[in-house]
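Data block below; observations after.
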Amino acid sequence: MNGHRWETTGRLVADRVIGIVRAPDAAAALGRARLLAGAGLTAVEISLTTPGALDALRELVAGEPSGGGTGVLAGAGTILDEHQADRAIAAGAAFLVCPSLSAPVIRTAHRHGVPVVAGAATPTEIVQALEAGADLVKLFPAGRIGPDGLRAIRQALPQAPLVPTGGVTLESAPEWIAAGAVAAGMGSELTRGPEDAIRPRIRALLESLRTP
């Protein structure tokens with residue numbers, strides 16, 4: 001793993017979007033991940049709910065700068081325990097994402113210098129995630145909370161680096177960022193429809209999030 005954990009975390013939120021890939025098989029996951037990277041996304045997460053996810057992750061990583069690839073920051077999502085964390089890191093994951101808080105996953109990842117986006121749904125869980133050492137906190141499911149809810153949480157916890165995921169749309173993403181999110185996790189919103197529509201959609205989204 002190149003660089004420090006804090007440097008990777010900075011890259012992870014640089015675009016203010018983390019692309020999430022869930023697919024029926026490894027080949028489809030790899031294709032979608034490469035498509036997102038080719039459209040300009042820096043960070044792409046392949047969920048372990050995808051059959052063969054680690055195979056797709058290995059191939060994605062193998063095509064990165066040392067192999068002449070796109071330079072995408074490739075991560076693994078839906079990590080539930082330290083065993084999955086170990087396997088994902090061995091496959092080349094530069095970051096891990098969890099749907100809930102798992103202190104063993106955080107400890108395992110940090111031993112290897114890999115940042116963790118730990119899941120939380122309430123202020124109590126957010127504080128617990130920070131206390132456990134989470135580098136970022138995945139606010140999930142975000143659709144139930146809404147940008148106004150995130151604003152309210154940040155009044156009490158302004159130090160929390162929150163990444164709303166689940167229910168974030170192309171239209172609402174700028175509002176989430178304006179409400180104080182450091183980035184947003186987005187999946188099917190990015191990859192739906194024909195391929196020739198995906199690239200301009202992502203580029204327009206990235207541009208909208210760069211606008212103050």
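Both Val168 and Val17 belong to a common hydrophobic cluster when Ile, Leu, Val, Met, Phe, Trp and Tyr are linked at side-chain heavy-atom distances under 4.5 angstrom. A single hydrophobic cluster is seen to contain both Ile177 and Ile202, as judged by linkage of ILVMFWY side chains at heavy-atom distances under 4.5 Å, directly or through other members.
Atom CD of residue Gln159 and atom CZ of residue Arg154 lie 9.0 Å apart, to the nearest 0.5 angstrom. Interatomic distance, Thr169 OG1 to Leu205 CG, rounded to the nearest 0.5 Å: 9.5 Å. One finds the NZ atom of Lys138 at 5.5 Å from the CD atom of Glu45 (value rounded to the nearest 0.5 Å). With rounding to the nearest 0.5 Å, the separation of OG1 in Thr50 from CG in Leu30 is 11.5 Å. Note that the CE atom of Met186 and the CG atom of Leu36 stand 10.5 Å from one another [nearest 0.5 Å]. With rounding to the nearest 0.5 Å, the separation of OG1 in Thr191 from CD1 in Ile20 is 10.0 Å.
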| task | Start with the C-alpha gap between Arg199 and Leu35, add the side-chain angles, then the distance that decides, and say whether side chain to side chain contact (heavy atoms under 4.5 Å, CB included) holds. | result | CA-CA 8 Å; Arg199 292 176 186 271; Leu35 181 60; 3.8 Å; yes
| message | Run the side chain to side chain contact (heavy atoms under 4.5 Å, CB included) test on Leu101 and Glu125 for me, step by step, so that the C-alpha distance in whole Å, both residues' side-chain angles and the decisive distance to 0.1 Å come before the verdict. | response | CA-CA 8 Å; Leu101 172 61; Glu125 292 175 356; over 6 Å; no
| message | Could you walk me through whether Thr42 and Val72 satisfy the side chain to side chain contact (heavy atoms under 4.5 Å, CB included) test, starting with their C-alpha distance in whole Å, then the side-chain angles of each, then the deciding distance to 0.1 Å, before giving a yes or no? | response | CA-CA 5 Å; Thr42 297; Val72 66; over 6 Å; no
| Run the side chain to side chain contact (heavy atoms under 4.5 Å, CB included) check on Leu170 and Arg201 step by step: do they pass? | CA-CA 9 Å; Leu170 295 169; Arg201 178 190 305 142; 3.3 Å; yes
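Residues Leu80 and Cys98 have side chains not in contact (no heavy-atom distance under 4.5 Å, counting atoms from C-beta outward). No side-chain heavy atom of Val117 sits under 4.5 Å from any side-chain heavy atom of Val137. Residues Phe95 and Ile18 meet the side-chain proximity criterion, which asks for heavy atoms closer than 4.5 Å. Looking at heavy atoms from C-beta onward, Asp86 lies out of side-chain contact with His83 at the 4.5 angstrom threshold. Between Val114 and Arg5, the closest side-chain pair of non-hydrogen atoms is not below 4.5 Å. Side-chain contact check for Leu209 versus Asp15: every heavy-atom pair is 4.5 Å or farther apart.
In this structure Ser188 satisfies the side-chain contact (heavy atoms from CB on, under 4.5 Å) test with no other residue, sequence neighbours excluded.
For the pairing with Leu96, the side-chain contact (heavy atoms from CB on, under 4.5 Å) check across Ile79, Ile106, Asp135 returns one residue only, Ile79. Screening Leu162, Thr165, Leu150 for a side-chain contact (heavy atoms from CB on, under 4.5 Å) with Trp176, the sole residue that qualifies is Leu150.
For Arg151, the CZ atom is densely surrounded, since the number of other residues' heavy atoms within 6.0 Å is greater than 12.
Between the side chains of Thr78 and Ser47, at least one donor N or O sits under 3.5 Å from an acceptor N or O.
Between the side chain of Arg203 and the backbone N or O of Gly40 there is no donor-acceptor pair closer than 3.5 Å.
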